Amino acid sequence: MLRLRLLLTPILAALCIPGIAEAQQQTSGAQEGPSAARQRMNVLLITIDDLRPQLGSYGDSLVRSPNLDRLAAEGLVFLRQYVQVPTCGASRYALLTGRRPRTPAHLSNEAFVELLPREEGDRPESLVHHFRRAGYRTVGIGKISHYPDGRVRAYDGSGDGRLEMPFSWDEMEGPIGRWGSAWNAFFGYGDGSSRNVRKTGRPAFEVAEVADDALPDGMTAEAAVRKLGELAAAEEPFFLAVGFFKPHLPFVAPRRYWEMYDPSAIPISPNPEAPVGVNRRSLHDSNELFRNYDSHPQRGGAGVRISDDYARTLRHAYLASVSYVDAQVGRVLAELDRLALRDNTIVIVWGDHGWHLGDHTIWGKHTTFERSLHSPLIMRVPGMIDPGRSTDAIVEAVDLYPTLAELCGLSTPEGLDGQSFAKAFSDPAFRSDGLAYGYSQGRTTLRTDRFRITEYVDGEPRVELYDHAVDPLETRNVAASHPEVVRELLPILRRHAPRADRRPQ
């Protein structure tokens with residue numbers, strides 16, 4: 001089978017170029033028999049929890065991310081990719097369904113459970129389901145939807161364990177190991193304990209005296225490597241999704257990744273204070289960090305900074321976790337190459353949202369600031385024009401669904417909110433519509449090429465406006481001094497506001 005794929009490489013590369021894939025679809029149909037299916041691109045989707053775009057390929061000289069940077073040097077870096085919701089489940093729901101939030105349920109981590117139908121219908125439940133119907137073997141490993149093994153369970157492990165996306169997967173698994181369940185593994189430490197089991201006295205970070213494979217993400221990489229070998233020998237094309245946990249809290253990484261950094265050289269946030277003129281609803285007291293974990297020498301709060309020394313410690317812990325997960329991504333990509341799958345596999349690395357590392361006094365996500373909604377997107381597409389470049393075109397997470405469908409010659413289901421950016425791989429001058437929408441409870445935000453505008457349902461001020469041309473760190477709300485910009489952007493912002501949050505026109 002590997003020999004057959006090598007012989008087909010020139011054809012497969014051509015099929016990946018936008019326009020050629022469309023022509024193939026029109027002449028042969030998107031869901032032909034086995035022969036046509038074998039000529040389609042494979043897809044490797046790698047999701048990384050809480051990964052902000054602090055990588056070498058995004059211009060950061062401090063972080064050690066050689067594997068992600070190598071992928072970027074072979075693909076396309078989207079410098080301005082924005083997620084729809086700054087929380088894990090809702091962000092992933094938007095990505096996998098290609099739809100923006102419409103109701104409060106769309107903003108919840110339980111969006112998959114509450115919104116996906118219990119019976120299979122004509123409309124695919126997800127991007128993965130669409131590929132499965134087109135003849136792809138679909139496999140998920142780790143955190144792809146919200147739950148760390150794709151199965152609905154309470155934090156204590158109870159529950160029926162049904163799949164969040166019941167019609168999407170041929171196979172779905174998550175790391176369990178010594179922790180006894182994927183949920184425990186998600187919050188696990190190097191000794192096999194978990195924040196879930198004993199919720200008091202648990203630290204926010206750990207220098208783990210273990211090998212990579214003794215932690216959940218190492219186990220996930222090992223499972224992905226093993227599964228790639230099986231998929232390479234199969235007849236049908238595959239859609240493999242691999243979801244890594246780190247750098248989600250707790251920041252746990254083997255010692256060697258901590259030692260990649262000099263603690264004294266780690267800077268604090270360049271914007272550690274709350275913005276001037278901010279709506280207090282924009283700020284939060286970093287509950288995910290300060291209430292869920294103990295042993296803090298100092299606790300922060302909404303609008304309250306912690307000490308610079310402790311901020312450096314937490315940032316060190318985050319960076320070590322990023323370098324650890326970078327190494328696991330590298331293992332998966334190396335196996336893809338070893339199996340000679342590079343030339344007929346689309347690779348996507350996506351962070352499910354950003355994360356504040358003391359920016360605006362905040363530690364965590366759950367805001368509508370740039371730091372929370374801006375996340376990395378790196379893609380390597382066989383046959384793309386001028387690999388190793390970046391684009392500052394604004395794209396949204398909901399755009400990935402129609403993009404992958406177009407790149408792989410599949411039809412695009414009706415009703416998607418996203419717009420395909422497949423042309424970016426054949427046209428270095430590609431530009432998008434320049435708009436990205438974000439949502440959180442009680443507020444909607446719009447990012448344009450120059451501005452970010454946010455509208456609130458309550459609190460004062462009701463509108464925030466940040467001018468990225470002069471203030472890329474969003475340190476000052478300038479809505480009052482730019483009323484003409486507010487008047488122009490508010491109707492555009494309200495066009496896609498969830499029903500519960502939409503204000504009267």
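Since this is a predicted model, take the numbers as computed values, not measurements.
- Contact annotation: the side chain of Gln81 never approaches that of Leu400 to less than 4.5 Å [non-hydrogen atoms, C-beta and beyond].
- More than 12 non-hydrogen atoms from other residues, nucleotides or ligands lie less than 6.0 angstrom from CD of Glu110.
- In this structure, CG in Asp149 is found 11.5 Å from NZ in Lys143, a value given to the nearest 0.5 Å.
- Ala311 meets the side chain to side chain contact (heavy atoms under 4.5 Å, CB included) test with Ile268, Ile306, Trp363; sequence neighbours excluded.
- Using modelled atom types and a 3.5 Å distance limit, the side chains of Ser168 and Glu125 yield a donor-acceptor pair.
- A 4.5 Å side-chain heavy-atom check between Val63 and Tyr58 finds every atom pair outside the cut-off.
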After noting the C-alpha distance and the side-chain angles of Trp350 and Val83, does the key distance pass the side-chain contact (heavy atoms from CB on, under 4.5 Å) rule? CA-CA 10 Å; Trp350 174 75; Val83 304; 3.8 Å; yes
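- The shortest distance between side-chain heavy atoms of Thr367 and Ser282 does not fall below 4.5 Å.
- Under the 4.5 Å side-chain criterion, counting only non-hydrogen atoms from C-beta, Leu314 is in contact with Leu289.
- With a 4.5 Å cut-off on side-chain heavy atoms, Leu404 and Ile348 count as touching.
- Taking 4.0 Å as the cut-off between side-chain N and carboxylate O, Glu335 and Arg226 do not count as a salt-bridged pair.
- For Arg64, the salt bridge (charged side-chain N to carboxylate O under 4.0 Å, His left out) criterion is met by no residue, not counting sequence neighbours.
- Partners of Phe244 by ring-ring contact (aromatic ring centres under 6.0 Å, His included), not counting sequence neighbours: none found.
- In terms of heavy atoms, Pro402 sits closest to Thr412 at CB-CG2, 4.1 Å.
- For Pro66, the side chain to side chain contact (heavy atoms under 4.5 Å, CB included) criterion is met by Arg70, Asp326, not counting sequence neighbours.
- Side chains of Thr403 and Ser420 form a contact here, defined as non-hydrogen atoms less than 4.5 Å apart.
- Among residues two or more places apart in sequence or in another chain, the salt bridge (charged side-chain N to carboxylate O under 4.0 Å, His left out) test is passed with Asp69 by none.
- Note: Thr97 OG1 to Arg123 CZ = 8.0 Å, rounded to the nearest 0.5 Å.
- The distance from atom CG of Leu228 to atom CG of Asp337, rounded to the nearest 0.5 Å, is 10.5 Å.
- The ring-ring contact (aromatic ring centres under 6.0 Å, His included) check on Tyr261 picks up nothing, with sequence neighbours excluded.
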Check the pair Leu116 / Met165 against side-chain contact (heavy atoms from CB on, under 4.5 Å), numbers first and verdict last. CA-CA 7 Å; Leu116 288 186; Met165 301 193 301; 3.9 Å; yes
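- A side-chain donor-acceptor contact under 3.5 Å links Arg447 and Tyr82.
- A donor-acceptor contact closer than 3.5 angstrom is absent between the side chains of Arg312 and His316.
- Remark: His366 engages no residue in a ring-ring contact (aromatic ring centres under 6.0 Å, His included) (not counting sequence neighbours).
- The pair Glu173-Lys227 does not meet the salt-bridge criterion, since no charged nitrogen lies less than 4.0 angstrom from a carboxylate oxygen.
- In terms of heavy-atom proximity, Gly56 sits nearest to Ser65 at N-OG, 3.1 Å.
- Taking the side chain as every heavy atom from C-beta outward, Pro203 and Tyr189 approach each other to under 4.5 Å.
- Judged by the 6.0 Å and 45° rule, Arg195 forms a cation-pi pair with Tyr293.
- A distance of 12.0 Å separates CG of Leu163 from CZ of Phe112, quoted to the nearest 0.5 Å.
- For Ser193 and Asp191, the side-chain atoms include at least one donor-acceptor pair closer than 3.5 Å.
- Rounding to the nearest 0.5 angstrom, the gap separating the CG atom in Asp170 from the CD atom in Glu236 is 7.5 Å.
- With sequence neighbours excluded, no residue satisfies ring-ring contact (aromatic ring centres under 6.0 Å, His included) with His284.
- For Arg389, the side chain to side chain contact (heavy atoms under 4.5 Å, CB included) partners are Leu76, Met384, Asp386, Pro428, not counting sequence neighbours.
- Using a 4.0 Å cut-off between a side-chain N of Lys or Arg and a carboxylate O of Asp or Glu, Arg137 and Glu230 do not qualify as a salt bridge.
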Evaluate side-chain contact (heavy atoms from CB on, under 4.5 Å) for Cys88 paired with Asp50, printing each intermediate quantity in order. CA-CA 8 Å; Cys88 303; Asp50 287 10; 4.1 Å; yes
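- The two residues Ala72 and Val77 have their closest heavy-atom pair at CB-CG2, 3.3 Å.
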Chi angles and distances behind the salt bridge (Lys or Arg N to Asp or Glu O under 4.0 Å) call for Asp213, Arg331: CA-CA 11 Å; Asp213 285 354; Arg331 292 172 62 188; 2.6 Å; yes
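- Identified under the salt bridge (Lys or Arg N to Asp or Glu O under 4.0 Å) test for residues 79-96, with sequence neighbours left out: Asp49-Arg92, Arg80-Asp449, Arg92-Asp352.
- At a threshold of 4.0 Å, the pair Arg102-Asp417 counts as salt-bridged, since one of the basic side-chain nitrogens sits closer than that to a carboxylate oxygen.
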Quick one, Ser126 with His129, criterion side-chain hydrogen bond (donor to acceptor under 3.5 Å, both in side chains). Give me CA distance, side-chain angles, the key distance, then yes/no. CA-CA 5 Å; Ser126 72; His129 190 198; 5.6 Å; no
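- Below 30°, between 30° and 60°, or above 60°: for His248 and Phe186 the angle between ring planes is between 30° and 60°, a tilted geometry.
- Side-chain contact annotation: Tyr310 with His296, donor-acceptor N/O pair under 3.5 Å present.
- Partners of Asn271 according to the side chain to side chain contact (heavy atoms under 4.5 Å, CB included) rule, which considers only residues two or more places apart in sequence or in another chain, are Ser269, Asp359, His360, Leu473, Thr475.
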Could you walk me through whether Ile141 and Leu240 pass the side-chain contact (heavy atoms from CB on, under 4.5 Å) test, one step at a time? CA-CA 8 Å; Ile141 302 173; Leu240 174 62; 4.1 Å; yes
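- The aromatic rings of Tyr401 and His130 are tilted relative to each other, their planes meeting at an angle between 30° and 60°.
- With sequence neighbours left out, the salt bridge (charged side-chain N to carboxylate O under 4.0 Å, His left out) criterion links Arg256 to Asp212.
- The one candidate from Tyr324, Phe187, Trp355, Phe205 that meets the ring pair (Phe, Tyr, Trp, His ring centres under 6.0 Å) condition with Phe251 is Trp355.
- Distance check, rounded to the nearest 0.5 Å: CG of Asp60 to CG of Leu62 gives 5.5 Å.
- Ring pair Tyr437/Tyr439 is parallel by interplanar angle, where below 30° counts as parallel and above 60° as perpendicular.
- Met379 is not listed as a side-chain neighbour of Val347, based on a closest heavy-atom distance of 4.5 Å or more.
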